[in-house]
Amino acid sequence: MGWPAEAEGYLVVTPAAAAAAVCRGAADGSTDVSWVKTDEDVFKYFQRYGPNAHTQYFFLLPSADSPVGPGSEAQPSTAASELFLRVVPPEHVANLPLYFIVSPRQVVRVDAQRGAAASARQTETIPVERWRAHKRAFISLRSLTCFQSWKEAKAFAHWRKTARGCVLLRRQRALAGALMPACDSFGAALLGAQAALEGRLRGLRAAAVQPGRRYTAEEWREQQAAYRMRRVQPELDEAVAELVRVAEAAVQEVETKAAELMRTVRTSELTDSTGVDLHAATSKARARSMQQIRRDKIQRAAEYHRSLARHCQLPRFLRMLSFRLRAGLVDMAASSVAAVMDALRPAAPGQAGSKAVDLSRGSSDTEAPATTRSSGGVAMSHQGSADPQFFCSVVLAEDGGIGFSPSRAEWTAAVKAEVITASLHLAGAIPGLLSLPAFERYDTLPADEECLQQGGSGAQGPLGAASLAQQHPVFAAAAAELQSLLADSFATARTLAQQYQGYHEIRRFGADFIFEEWAAKQRDALDLPATDALLRRLRSWQQELDLMPLSGAAGLLHIDAVGLKEQLAPIVSAAQDAVAGLLVQLAGERCREVLSKLATWREVAAARPPVLGAFLPWRSQLGLIESGLAERLAAGETADAAFEVVVKHAHKLPTAEAVKRDDLREACAALPAELADAAAWAGRQHDMHAAAVEQQAAALAEEAVLLGSEVQLGQFVDPGAPLGEVLAGVALLGTRREQMMAQAAELGAVQAALHQPAATFLEVQAAAAAVQYCTALWRLASDAEALQARVAGAAGGECLEGAGAALIDLQGRLAGLRGIDDAPHAVWVRAATAVDACRTALDAQESANLSNG
């Protein structure tokens with residue numbers, strides 16, 4: 001019938017398992033199976049009940065009613081009897097060498113004759129449909145004339161067995177001659193080479209990704225280069241060296257055996273098949289039978305031809321090893337890229353293995369369906385892996401966008417160089433075996449033929465392992481997927497990094513803000529609202545930087561913003577410190593200035609000068625203080641407001657400035673009350689000084705009356721009084737007059753300073769006028785008498801120069817002092833008499849001169 005031995009896709013059932021299944025089926029079902037007697041009844045039973053049949057297995061034996069002949073049990077090896085079966089209980093087949101188990105899907109043949117022991121039973125299975133087809137074919141053949149008798153059937157079975165054996169033996173010999181694995185000389189070497197390649201190259205990868213490690217671009221290059229140099233290259237060199245050792249051993253064995261046979265076998269022996277050994281060296285060798293001698297000759301000739309054939313197959317053997325090495329290198333390159341891709345694939349955005357990761361503030365990876373706060377206040381969610389591999393810093397591009405360092409091109413180039421290019425380089429760096437010096441003599445295959453065997457074209461030359469690896473579908477797919485994953489990761493990272501777009505404002509501020517210019521403007525005119533707005537903006541930026549997401553994941557990339565924060569934070573902090581420092585400086589200067597002025601004012605307000613000379617300046621200074629108080633208090637409030645701005649944004653003042661601020665507040669609060677007290681005291685003191693001034697003015701008036709009376713009495717009105725004594729008294733009166741006038745002016749100034757009505761001092765004015773008139777009269781009299789004496793004392797004819805002019809002057813003065821009274825003053829009369837005498841003397845002298853002339 002042709003049972004397929006251990007055929008692929010067939011179920012192999014052990015007798016114990018089959019019996020247990022039958023017992024279970026019998027126990028579980030109550031269907032009557034007593035009518036099931038033959039194999040055909042079994043098939044009808046399964047067709048009737050289908051998969052719900054209670055009995056799933058039946059045990060059968062070859063039937064005694066087989067058309068082959070009686071005694072199927074006695075003839076278990078008859079193939080035809082196995083097509084006609086009868087159902088038996090399970091316990092009936094326990095010790096039988098041959099029985100069958102039939103299920104709804106297959107027929108199992110259990111045979112103990114092929115095993116070494118009863119426990120070593122062999123099973124063969126065949127689907128039910130094929131088994132029934134075989135049975136129908138057998139019945140059809142049995143209906144033919146040539147197969148109707150048992151002898152013909154026996155002869156056919158014997159012929160079939162013999163034919164199959166001969167064909168199998170012929171194929172085995174042909175394959176043994178054509179297939180090197182079946183050759184004794186090359187088979188072991190090929191197995192050793194295969195073991196060396198699989199043991200060394202199967203687990204070898206040109207690149208390695210450490211789980212949980214984050215690489216910078218430089219670390220990635222260094223780690224991959226170190227991995228290849230320390231592990232991959234030595235393993236690869238050792239694998240090639242072991243392969244070369246295996247090849248050298250096989251080549252040496254074949255060459256040695258071929259050389260030995262070529263040296264010992266004569267040419268005549270190759271065609272000699274007689275039973276006589278004419279060249280036997282000993283009588284014992286000649287004592288062999290002719291059949292033995294003939295067999296030895298044939299075997300020796302065959303061995304000679306096999307050795308020469310194997311020697312001729314050495315180039316093919318080495319080329320096969322080279323092909324296997326090249327295939328191993330190609331697989332290594334493809335597996336390297338695929339392994340890296342498998343390690344990185346879970347990090348791909350949108351993969352089932354990836355999960356949402358927050359760009360956490362101050363930490364790295366955080367599991368959660370997280371949202372992140374952008375600088376514009378918009379919440380953003382994103383996808384990423386919990387274990388990103390490649391470190392990437394966020395940078396602010398000059399064009400106003402967001403960039404990465406290393407960039408996409410740099411990371412793509414680094415990954416391609418260390419994974420794809422490195423795998424191809426390792427695969428292409430290993431030369432073929434036939435290019436080694438030990439095997440160059442066997443490189444007899446033309447280049448075009450070798451190229452065609454490797455899948456290339458003859459014009460291009462043989463393809464290397466690197467070229468073959470590039471054509472490998474796994475390599476090409478993994479390389480493309482790796483580059484696509486990097487591109488997707490950067491696309492996701494670019495989307496997530498948009499939340500850093502608002503930080504361009506800080507960078508632009510750092511580029512445009514020139515502190516020196518701003519400080520110069522503030523020193524010229526302190527603008528507190530603008531400064532407060534600037535510090536408020538800087539504080540807002542500082543809070544945003546404190547809440548800045550520092551790290552997160554986007555596919556393969558670990559996004560890091562620490563460098564960006566370290567770049568922007570000094571801009572904000574330096575501006576904050578500079579602005580706050582300048583504000584503290586300016587506020588301190590104004591505070592010290594105001595505080596110094598207020599301290600001086602407080603000293604003035606605390607002073608109580610009792611003397612009028614000190615009171616009046618103090619009173620004037622107090623008025624100036626009261627008029628400038630509002631301005632100084634406003635300046636103090638400005639300095640305090642500046643300090644308040646610093647405290648609001650910087651949270652702390654220097655100790656010295658804080659003390660000055662407290663002093664300023666205390667002075668501003670105390671000075672108005674102190675000025676009010678000083679003003680009240682000044683009012684009281686003013687009234688007291690005003691009363692004193694009035695008393696002094698009255699005393700001065702009385703003194704002036706006395707002075708006026710003195711002028712009208714005594715020698716000052718006596719025309720006969722001695723001129724020298726009167727002039728001395730007149731000079732004394734003039735001095736008293738000047739002192740009285742100065743005192744009157746001083747009292748008037750004091751009254752004006754005291755805001756009193758100015759006194760007229762009429763008595764002083766009258767006394768001064770009287771003294772002045774008296775002084776003018778007596779000086780006129782003195783001058784007139786002096787001129788009279790001069791004229792009178794002149795000799796006759798003497799010319800008096802200037803006498804006329806002096807006389808005219810005296811006459812003018814005399815007319816001015818005449819007054820309006822009817823009776824002139826006695827002194828005036830004395831002066832007039834002297835003037836008349838001078839005029840008479842001058843007239844007389846002039847007449848004399850004229851007569852003499």
Side-chain angles (χ1 to χ4, degrees), residues 375-376 393-403 405 500-548 550 561-599 631-665 667-668:
S375 58
S393 298
V394 180
V395 295
L396 299 178
E398 293 296 334
D399 58 358
I402 300 297
S405 178
Y500 298 104
Q501 186 70 37
Y503 294 101
H504 272 288
E505 186 178 0
I506 301 177
R507 186 184 66 83
R508 288 192 293 269
F509 171 81
D512 299 338
F513 181 70
I514 302 176
F515 174 74
E516 289 74 14
E517 296 181 358
W518 180 85
K521 295 179 180 178
Q522 296 302 313
R523 288 189 177 96
D524 293 340
L526 180 59
D527 189 354
L528 274 182
T531 305
D532 181 61
L534 176 59
L535 286 174
R536 186 182 302 109
R537 183 168 54 162
L538 291 173
R539 184 177 64 177
S540 174
W541 286 343
Q542 185 62 52
Q543 292 173 352
E544 290 183 5
L545 289 174
D546 293 339
L547 297 176
M548 173 190 282
L550 296 182
V562 174
L564 179 60
K565 183 176 181 179
E566 292 177 350
Q567 175 188 357
L568 299 179
I571 297 176
V572 177
S573 61
Q576 276 184 320
D577 295 341
V579 172
L582 179 64
L583 190 56
V584 169
Q585 178 187 353
L586 296 180
E589 292 175 355
R590 283 161 173 75
C591 178
R592 286 188 291 272
E593 179 184 353
V594 173
L595 192 58
S596 175
K597 181 63 71 174
L598 293 182
E631 180 182 356
R632 289 299 172 182
L633 291 179
E637 292 178 356
T638 301
D640 186 71
F643 281 132
E644 185 62 28
V645 170
V646 174
V647 171
K648 181 171 65 175
H649 296 291
H651 306 293
K652 188 178 180 181
L653 279 177
T655 303
E657 305 302 330
V659 172
K660 289 185 179 66
R661 184 189 185 191
D662 295 338
D663 295 341
L664 177 63
R665 287 181 172 181
C668 290

Quick one: pull up [atom1] in [X] and [atom2] in [Y] and give me the separation to the nearest 0.5 Å.
{"X": "L595", "Y": "R665", "atom1": "CG", "atom2": "CZ", "answer": "13.0 Å"}
{"X": "R523", "Y": "L586", "atom1": "CZ", "atom2": "CG", "answer": "6.0 Å"}
{"X": "S596", "Y": "L664", "atom1": "OG", "atom2": "CG", "answer": "12.0 Å"}
{"X": "L550", "Y": "E566", "atom1": "CG", "atom2": "CD", "answer": "9.5 Å"}
{"X": "D640", "Y": "R590", "atom1": "CG", "atom2": "CZ", "answer": "14.0 Å"}
{"X": "H504", "Y": "L568", "atom1": "NE2", "atom2": "CG", "answer": "9.5 Å"}

Passing option when W541 is tested against I571, D546, V572 for side chain to side chain contact (heavy atoms under 4.5 Å, CB included):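 Single side chain to side chain contact (heavy atoms under 4.5 Å, CB included) partner of W541 among I571, D546, V572: V572.
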With heavy-atom distances below 4.5 Å as the criterion, would you say the side chains of [X] and [Y] are in contact?
{"X": "E644", "Y": "E637", "value": "no"}
{"X": "Q522", "Y": "Q585", "value": "no"}
{"X": "V647", "Y": "R661", "value": "yes"}
{"X": "L564", "Y": "V395", "value": "no"}

Run the side chain to side chain contact (heavy atoms under 4.5 Å, CB included) check on L526 and L583 step by step: do they pass? CA-CA 9 Å; L526 180 59; L583 190 56; 3.9 Å; yes
Nearest atoms (heavy-atom pairs only) where [X] meets [Y]:
{"X": "C591", "Y": "F643", "answer": "CB-CE1, 3.8 Å"}
{"X": "A635", "Y": "V594", "answer": "CB-CG2, 3.6 Å"}
{"X": "D527", "Y": "T531", "answer": "O-OG1, 2.8 Å"}
{"X": "L598", "Y": "A667", "answer": "CD1-CB, 4.0 Å"}

Do R592 and E657 sit within salt-bridge range, that is, some charged N less than 4.0 Å from a carboxylate O?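 Yes.
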Expected list for residues 508-519: side-chain donor-acceptor pairs under 3.5 angstrom, two or more places apart:
none

List the steps and the verdict of side chain to side chain contact (heavy atoms under 4.5 Å, CB included) for E505 and R537. CA-CA 11 Å; E505 186 178 0; R537 183 168 54 162; 4.3 Å; yes
Has S540 got a side-chain atom pairing as donor or acceptor with R536's backbone, closer than 3.5 angstrom?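 Looks like no, no N/O pair under 3.5 Å.
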Counting distance only, does the side-chain N/O of Y503 pair as donor-acceptor with the main-chain N or O of E544 below 3.5 Å?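 Between the backbone of E544 and the side chain of Y503 there is a qualifying donor-acceptor contact (under 3.5 Å).
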Verdict with supporting geometry, E593 and R632, side chain to side chain contact (heavy atoms under 4.5 Å, CB included): CA-CA 10 Å; E593 179 184 353; R632 289 299 172 182; 3.9 Å; yes
